[in-house]
> 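Structure incoming, see below.
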Amino acid sequence: MERFPLSFYQRDVLEVAPLILGKTLFCKVDNAVKTFQINEVEAYRGEEDLACHAAKGKTPRTKIMYDEGGHVYVYLIYGMYWMLNIVTAEKNNPQALLIRGITGFNGPGKLTKALNIDKTYYGENLATSKRIWVSNNEEAIKFSTTPRIGIDYAGEPWKSKLWRFVVDK
DNA sequence: AGCAAGATCGGT
DNA sequence: CCGATCTTGCTG
């Protein structure tokens, strides 16, 4: 299956989330390309979403979210865990999907450690990168939604939005 | 220049 | 529940 082009990511993050669930993530680890199924993601949707880093506007860290969808947004949290995100929507509409789970690794900090993902992936283009991309497959999946994890500080209505998408077992 | 907080995780 | 660990963005 061919990798998704940038256009796949250039629509609302709430549209991309269910579409990307169950799809195949390719990542080069120790010089070998490995594949994983994406089974948990969270949507962060624009400056109005107080849980989204873009709520603070465009900064050196968040500027990639203002670029067109299909790029990678990586940042360090708690001084020790890299978070892997995929930017969605059109240019200047800052949205991103946090990858929280893939086959074999549940938890956003654990999967980036397993894939050796760090700040050097910031801005990577999923349509042309040689070390990370996503492709379609024939998987038929069902999913459930829940509130997002660890963002209670954002308050209502954001902390209650059902913007965490999980593949059913 | 200094500081508080954070999209986590593993051990008590 | 608590600590590890350090970048970021805000304040002064």
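A, B, ... follow the sequence lines: proteins, then strands. Residue 1 opens every chain. Owing to the predicted nature of the structure, the values given are computational and were not obtained by experimental measurement.
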> Could you check if a side-chain atom of A:I132 sits within less than 4.5 angstrom of a side-chain atom of A:L126, using non-hydrogen atoms only?
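When only atoms from C-beta onward are counted, A:L126 and A:I132 do touch, with a gap below 4.5 Å.
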> May I ask you to say whether A:R148 pairs ionically with A:E42, meaning some side-chain N is under 4.0 Å from a carboxylate O?
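Not counted as a salt bridge, because no side-chain N and carboxylate O are separated by less than 4.0 Å.
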> Among B:dC9, C:dG9, B:dA7, find the nucleotide with the atom closest to the side chain of A:Y81.
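That would be B:dC9.
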> Can you hop from A:Y44 to A:I86 via hydrophobic side chains spaced under 4.5 Å?
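No, because A:Y44 and A:I86 fall into different hydrophobic clusters, even though each may have its own neighbours under 4.5 Å.
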> Which nucleotide, C:dT5, B:dG10, B:dT8, lies nearest any side-chain atom of A:R100?
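Nucleotide nearest to A:R100's side chain: B:dT8.
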> Check whether any side-chain nitrogen or oxygen of A:K113 sits under 4.0 Å from OP1 or OP2 of B:dT8, and answer yes or no.
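No, outside the criterion.
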> Between A:I77 (CD1) and C:dA4 (P), how many Å, whole number?
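The answer, rounded to whole Å, is 17 Å.
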> Do A:Y75 and B:dA7 have a side chain to base donor-acceptor pair shorter than 3.5 Å?
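Indeed there is one.
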> To the side chain of A:H53, which of B:dA7, B:dC9, B:dT8 is closest?
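Side chain of A:H53 sits closest to B:dA7.
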> Which of these nucleotides, C:dG9, B:dA7, B:dC9, is closest to any side-chain atom of A:P108?
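Side chain of A:P108 sits closest to B:dC9.
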> Check every atom of C:dC10, C:dT5, B:dA7 against the side chain of A:K56 and return the nucleotide holding the closest atom.
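For the A:K56 side chain, the nearest candidate turns out to be C:dC10.
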> Would you indicate, yes or no, if C:dG3 has its OP1 or OP2 atom less than 4.0 angstrom from a side-chain nitrogen or oxygen of A:Y78?
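So the side chain of A:Y78 is outside the cut-off, no N or O lying under 4.0 Å from OP1 or OP2 of C:dG3.
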